[in-house]
Amino acid sequence: MKLGSVFDPRNNALNACRLALATEVILFHSFPLTGHVVESKAILQLLFSVGVDGFFALSGFLVTASWLRNPSSRDYFIARALRILPGYYVVLAVTAFVIAPLSVAIQGGSAARLLFSSAPIEYMLKNSALIQLQFDVGGTPRDIPYPGIWNASLWSLVFEVMCYIAVAGLGLLGLASRRWTAPVILILATIAAILLPPLTFPGLWTIPQLAVRSAIMFSAGALLYQWRDVIPARWSLVSVSVVIVLASGMLPDYRVIGALPLAYAVVVSGVLIKNKRMNIQTDLSYGVYIYASPTQQFLAVAGLASLNPFVFFIVSAGATLVPAAFSWFLVEKRALALKSRLKRKHADQAATRAGPAGSDSLAPRERALSPREDS
C-alpha cells in the first residue's frame, strides 16, 4: 500500500501522535527541571529532540497538504494565524498574570506587588511577536533548578511560522507542488547541519542551528506528502525507521541520518492506525505543548522538584491536561470555528460573484477539504 492511498484525512491517529510527541517534551523537561542529568549522550540527544522534531515533521506533512488542497494565501494565513496565535497570547497572559504571581505567593513574597508592576505587561509585549525576548516575569521563577524561564517551549513557534511562510512563498512561486522542492531543501538543510556545530543540550543555541533543525524536519514531512503516491506505508518500515533513529542518536546530530526515518515513523504510524479511539477529535496537543513548561516550573516552585524525574513527569503531565483542556475548549476550538465561518463566508462571496456555475464548481472542493487539515 502507498501512503497516499492509506492516508484518510478524516480517519487517522495523527492527533494522537501529536499528543504523544507533546508528552515526550514533558518527559525531557522533567530531567533538567528536577536537577537530574541523563548520563547517556545518545539517549539525551533523542530525548531532547524527538518530541519537537516529530511535531515539525507532522506540520510539514499536514501544512503542505493544506496548501496543495487549497492554494489560497488568504485562507492559508488565516488558518495558520487562528491555529497558533489565540492560544499563544492566552498562555502568555496566564503565565504573566496568574502563574507567576502565584509562584511568588507560594514562596512567601507579595503576589500583588508583581501583579501590579510592569513586569507582566512587559513579558507579554516583548514576546508578542512570537520571538522570545523575555523568559522571566519580574525575575520569577526563583529558587528552583531551572530559574528565570517560564516557558522553554515557545522558542519553536517562530520557526514553525517561518516554515508556514516558506510553504506559501514556494506555493506562490509555483514550486510547492514540484516534487524536487522538498528533497532539495532537505539535502541543503542536512548539509548545513553537518557544517554547523551540533545542536545539543545543554549548549548555546544559535538562530542558524534552530532554523536548520526546523527546515530539516519540516521538509522531511513535506517530502512524505509530495511523494505519497510512491512511498509505501508499512509497519515493517516503521520498525526499521525507529531502529535507524535510535542508532543515529550516536551521531553528533542524529538528524543527518534520522530526520527522514523519524518523519516516516511518526506520519506513517499515525496514518496506518484506524482505531476509532485513536482518531481523536479533541486536539489537546498544542495546549499540552504550550502549557507544559510553565506548569512544570510552577510545580517545581511548589516543592515537587525533589521528586524522581519519572514521577515528576507523571504528575506534571497530568497537571498540564487541565490548562490544555481549557486552551482547547475555550480558545483553540472557538478560533477554529471562526476559521470555518470565514472560509464559508469567503466561498459564498466567491460563489455570488461567479454566479450559478461558480457556485456549483465550489461545492465539491469545499466538501473535499478535511476539517483537520489545518490543525
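The figures that follow rest on heavy atoms only: side chains count, while hydrogens, waters and symmetry mates do not. Just so you know, these numbers come straight off a predicted model, no measurement behind them.
- Using the six-membered ring where Trp is involved, F201 and Y146 have ring planes that are tilted, between 30° and 60° apart.
- Within the 6.0 Å centre-distance limit, the rings of F61 and F7 are counted as a close aromatic pair.
- Of all heavy-atom pairs between P86 and A81, the closest is CD-O, 3.3 Å.
- Ring geometry for F218 versus F56: interplanar angle over 60°, hence perpendicular rather than tilted (30 to 60°).
- Between the Q297 side chain and the A152 main chain, no donor and acceptor come within less than 3.5 Å of each other.
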- Can you check side chain to side chain contact (heavy atoms under 4.5 Å, CB included) on S327 and V90, steps first, answer last? CA-CA 8 Å; S327 180; V90 171; over 6 Å; no

- Task: Determine, stepwise, if the pair K274 / D8 fulfils side chain to side chain contact (heavy atoms under 4.5 Å, CB included).
- Result: CA-CA 9 Å; K274 302 297 184 181; D8 181 354; 3.8 Å; yes

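- A salt bridge is absent between D75 and R69; no separation between the charged side-chain nitrogens and carboxylate oxygens falls under 4.0 Å.
- Counting only distance, with no hydrogens or angles, the side chain of T64 and the backbone of G60 share a donor-acceptor pair below 3.5 Å.
- Across all their heavy atoms, H36 and L307 have their closest contact at CE1-O, 3.8 Å.
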- Message: What verdict does the side chain to side chain contact (heavy atoms under 4.5 Å, CB included) test give for E160 and S59, after you've listed the backbone C-alpha separation in whole Å, the side-chain angles of each residue and the deciding distance to 0.1 Å?
- Response: CA-CA 8 Å; E160 179 97 357; S59 289; 2.5 Å; yes

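- The minimum heavy-atom distance linking Y88 with L130 is given by the pair OH-CA, 3.5 Å.
- Salt bridge D253/R255: present, at least one basic N to carboxylate O contact under 4.0 Å.
- For the pair R74 and F77, the cation-pi test (distance below 6.0 Å, angle within 45°) is failed.
- Here the side chain of S156 pairs a donor or acceptor atom with the backbone of S153 at under 3.5 angstrom.
- Shown here for P120 and S117, the closest heavy-atom pair between the two residues is CD-O, 3.5 Å.
- The shortest distance between side-chain heavy atoms of I185 and T181 falls below 4.5 Å.
- Hydrophobic clustering keeps L44 apart from V256 (ILVMFWY residues linked when any side-chain heavy atoms are closer than 4.5 Å, directly or through intermediates).
- Side chains of I43 and F48 form no contact here, defined as non-hydrogen atoms less than 4.5 Å apart.
- Between the Y89 side chain and the S128 main chain, a donor and an acceptor come within less than 3.5 Å of each other.
- Closest heavy-atom contact between M217 and L262: CE-CD2, 3.9 Å.
- A donor-acceptor pair is defined here as one N or O able to donate and one able to accept, closer than 3.5 Å; no such pair exists between the side chain of D136 and the backbone of W150.
- Side-chain contact between L33 and L299 is absent, with no heavy-atom pair separated by less than 4.5 Å.
- Looking only at side-chain heavy atoms (C-beta outward), N15 and R18 come within less than 4.5 Å of each other.
- R213 places a side-chain heavy atom less than 4.5 Å from the side chain of S49.
- Side-chain contact between L154 and L92 is present, with heavy atoms from C-beta onward closer than 4.5 Å.
- Side chain of S66 to backbone of L62: no donor-acceptor contact under 3.5 angstrom is found.
- Taking the six-membered ring for Trp, Y289 and W155 have ring centres at least 6.0 Å apart.
- Within the 3.5 Å criterion, the main-chain N or O of F159 finds no donor-acceptor partner in the side chain of Y164.
- Side chain of Q209 to main chain of T206: a donor-acceptor pair is present (N/O by atom type, distance under 3.5 Å, no hydrogens or angles).
- K41 is not listed as a side-chain neighbour of L46, based on a closest heavy-atom distance of 4.5 Å or more.
- Between L170 and W67, every side-chain heavy-atom pair lies at or beyond the 4.5 Å cut-off.
- Q45 contributes a side-chain N or O that, together with a main-chain N or O of L251, makes up a donor-acceptor pair within less than 3.5 Å.
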- Show the numbers, then the answer: is there a side chain to side chain contact (heavy atoms under 4.5 Å, CB included) between L336 and L82? CA-CA 7 Å; L336 291 175; L82 289 176; 5.6 Å; no

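- The main-chain N or O of G109 is never found under 3.5 Å from a side-chain atom of Q107 such that the two would form a donor-acceptor pair.
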